[in-house]
Every structure is written in C-alpha cells, then in structure tokens.
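To start, the structure under review is shown below, and the notes come after it.
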Amino acid sequence: MATYHIETYGCSSNRGESREIERALRDGGHRPADGPEDADVAILNTCTVVEKTERNMLRRAEELSDITAELVVTGCMALAQGEQFAEADVDAEILHWDEVPSYVLNGECPTVTPDAEPVLDGVVGILPIARGCMSNCSYCITKFATGRVDSPSIEENVEKARALVHAGAKEIRVTGQDTGVYGWDNGDRKLPELLDRICDIDGEFRVRLGMANPGGIHGIHEELAEVFAANEELYDFIHAPVQSGSDDVLEDMRRQHRVEKFREVVETFDDRLDHWTLSTDFIVGFPTETEADHDRSMDLLAEVRPEKINVTRFSKRPGTDAADMKGLGGTIKKERSKAMSELKMEVVGEAYESMVGETFEVLVVEEGTGDSVKCRDSAYRQIIVQNAADRGVEVGDFLTVEVTGHNTVYAFGDPVATDEATDPDAAERDALDGDSVDRDEGPESTVSSA
Ligand code: SF4
C-alpha cells in the first residue's frame, strides 16, 4: 500500500480526471497522505490555459519534485508540452490521466477488501470474485494485507452477477487480486466455468475479466480461450502482467511464471480469437535487472506487441524482500523506463492506427469529458464519441461506430447508421416485440450503488 497526494489545477474536467485517479488508487488499496512531504507519490494534474499558468505549473512541479519521494505529472500541460518538464530538469514521470493508476500500483495486484460486495457504478457492475492470491512476489506489499486466495462458490458469484444485471449493469467487471487462481483454494481453478456461467445470465451485457497473472492462468489457458471464443458477452481482453522478459528477473521477483508460459498463453489466445486485446505490465529497473535483462524485456514487448502496456519504474515497498536488495544506481531506472515507454508508444500507436476507417460494435460505458462518452468495442478498446447528446448517444447504448482517429490511449469514433437504424419499419417491429421479452426477475439485488 502506497500513500499519495494529488494536486489539481484548471477546469472541472481536470477535477473529474483527478477523482477517477483517486478512485482507482483507493480501489487498489492506497491511501491519501497528509501532504506531499509524506506521500510515496505526488500527482500533479496540470492545466495549460495561458502562459502564466504554464510557468506556475513548472514552478509547482519543481517544488514537488524536491519534497516528495516520487512525482507524476499528468493533465493538459503534461500531454501538450511534457518536454518542458524535462527541459526544466524536473524529475517526474509524464503520464496520461489513464496511465496514472497502474503506474502508482507499481506492478502489484489491486487490493480486494475482505467481504467485498458488488457495486453498481452507472452501468458498470464491479464483481469481486475472490480475495487474495497464490503468489508471494518479492516486491509486493499487497500480499501482507490479503493473504492466500479465498474463493466463494461459483453459485454465490453467479447470483451476485445476476443481481448486478437486474440492477442495470451493462458491463460486469470480474475483479480479484489474481482472477486466474479463483477456486484454487478449493482444489481446482474454476475461472473458465465461472465466466461461462456468468455469460449464461439472461440480459444484454458485457463481461470484462480483471487481472489474471500468467502463472495463474497457465494450465487453464486453453479452456479459458474456448470460453472466450464461445461467449460474445466476454470482451476479448486479457490483462496478464508479465513484468519482465528475463527469467532470471522473474525468479528474483518470485513470479510464478516464466517467459515461455506467458508466450504460450498469448499464442493460445492468438489461435482461438480473431481480434483480442492483450494488456500487460512491465516493471523496469528491478534491483537485479541487468542491461541484458532489460533488452530481453524490450524484445518481448516488440515481439508480442500488446495493445495495452503499463510500464512501472520499480520502487521499494517497506517490509518486502525486494526492499532489502541493493537498487540500481544513477539514472538507470529512468533511462530504461524512457526507452520502454517510447517503444510502448510506437506499439500502441500502431494498434490504434490499424483501427482507423474500420467500424466496431461498441457499448457506451460511461460519460467522458465535456459532451463525450467512453465506449468499448468487443476487444475492450476504448473509443471516444464526441457531441454525444446532439447525436442521441447515451450511456448503456449499444451502437456501431467508425473510428476516425486516435491518440495514445484511445480512438475517436463517429456513430454510423446500421441497417436496422435506417429501416423505417424497425422501430415499429421493436415496439411490438418489446412486450414479449421474457424478463427473468431473479433474486433481490444485493448491489449497492457507488
Ligand atoms: S500475485 Fe504477486 S503482486 Fe499480486 S498480490 Fe500476489 S504477491 Fe502481490
């Protein structure tokens, strides 16, 4: 668990982004510090309206980098003029808002609190399926708080998922510290069966699988890929943090997988699914990481080309074994992190570029900044639709969009008319059919609103 300090400047949209970051950090088990001096990480969410504001942002970044353990700069100025911070010699990580939480989580799994209940947040239902993991990673402090995996039964989790759907969830996020080891405490890993059963629930919704370590899903990966191929409710998306391309480093990290197991998982999904998203994490600058180890990580990234990549500079967590290891000196971590971040931008940019001009079925998951909405396609890629109100697009809608452009973390799209939407008789038929829909009332909801 790390402590954080967030400072936000500028408009209400920026404040909204800070709230999102804070929510993700709290979900990950992190806590606010009393001030920047006490924080493990300070986050400066910048604005860049006028030149005077820019000067203030630079000055504040310089002050914070002197008094806090680690500084992350995000927001409009960071994205538009990020180089100014480097030119001013500010020691900070420059990140897009969406990248901040995973950077701060430092490669550790998110914390799932004991007895966590499902939560409905807009049309997103959060479903914690289990708490704890089966690993003992040498850099992880989360493990101290959560312990060994503790899995409720499949029936219990399916009932919670059903309650979420009945309460209005259009996207169910299956979460846990390590979803791949669900059921291991009761003798057998049961994630494929659980997902299959959740997808069987009546209703129109999507399911997103949360973080699953490569070591946890290796061994059930073929069965899991079959379940993904058979259920269109499941976003074709896996978040499997590899952390390093070097087996020596993985051993020192005490990860349960080696590079080959990770590759086998990826190859199996490549074989079974046409379009899917691999999300993975790399920790850069682990104390025992040599230059050759770093090159192996770069090679692995270039080889598997994940569509979503989190790069985290290693930082010591108190009480962990890795905290007692002699760290890398000088600017090595910073240089390796910069090199990997540049490669990441190239790989991710290529993935988004390939979407331009194509059409995708999406679910509108949440409101974005201004009058935009955030949508997800079947591979959980984020597509932003702007001027949503004018176009009659609302959260919870399923629609078709054509991708018109992209930046480094999402694509932009315009709604396109489908055959059904242009068929003048379709609305009338829908109205007539609506009365005959079989509505499964199900049990009372156990869902609380966020
Ligand atoms: S899998 Fe590793 S990083 Fe994740 S909670 Fe367990 S020990 Fe920590």
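When a ligand or atom number is given, it counts from 1 through the structure's own listing order.
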>> In terms of relative ring orientation, are Phe269 and Phe228 parallel, tilted or perpendicular, with 30° and 60° separating the classes?
In response: perpendicular

>> Looking at every heavy atom in both Asp150 and Pro152, which two are closest together, and how far apart are they?
In response: O-CD, 3.5 Å

>> Checking contacts here: is it the side chain or the backbone of Cys133 that comes within 4.0 Å of ligand 1, counting heavy atoms only? Could be both or neither.
In response: side chain

> Is the Tyr410 to His96 ring centre distance short of 6.0 Å?
Replying inline: yes

> For ligand 1, which atoms, with element, lie under 4.0 Å from some heavy atom of Asn213?
Replying inline: 1 (S)

> For Asp178, what residues pass the side chain to side chain donor-acceptor pair (under 3.5 Å) criterion, not counting sequence neighbours?
Replying inline: Asn213

>> With a cut-off of 2.8 Å, does Cys140 put an N/O/S atom close enough to atom 6 (Fe) of ligand 1?
In response: no

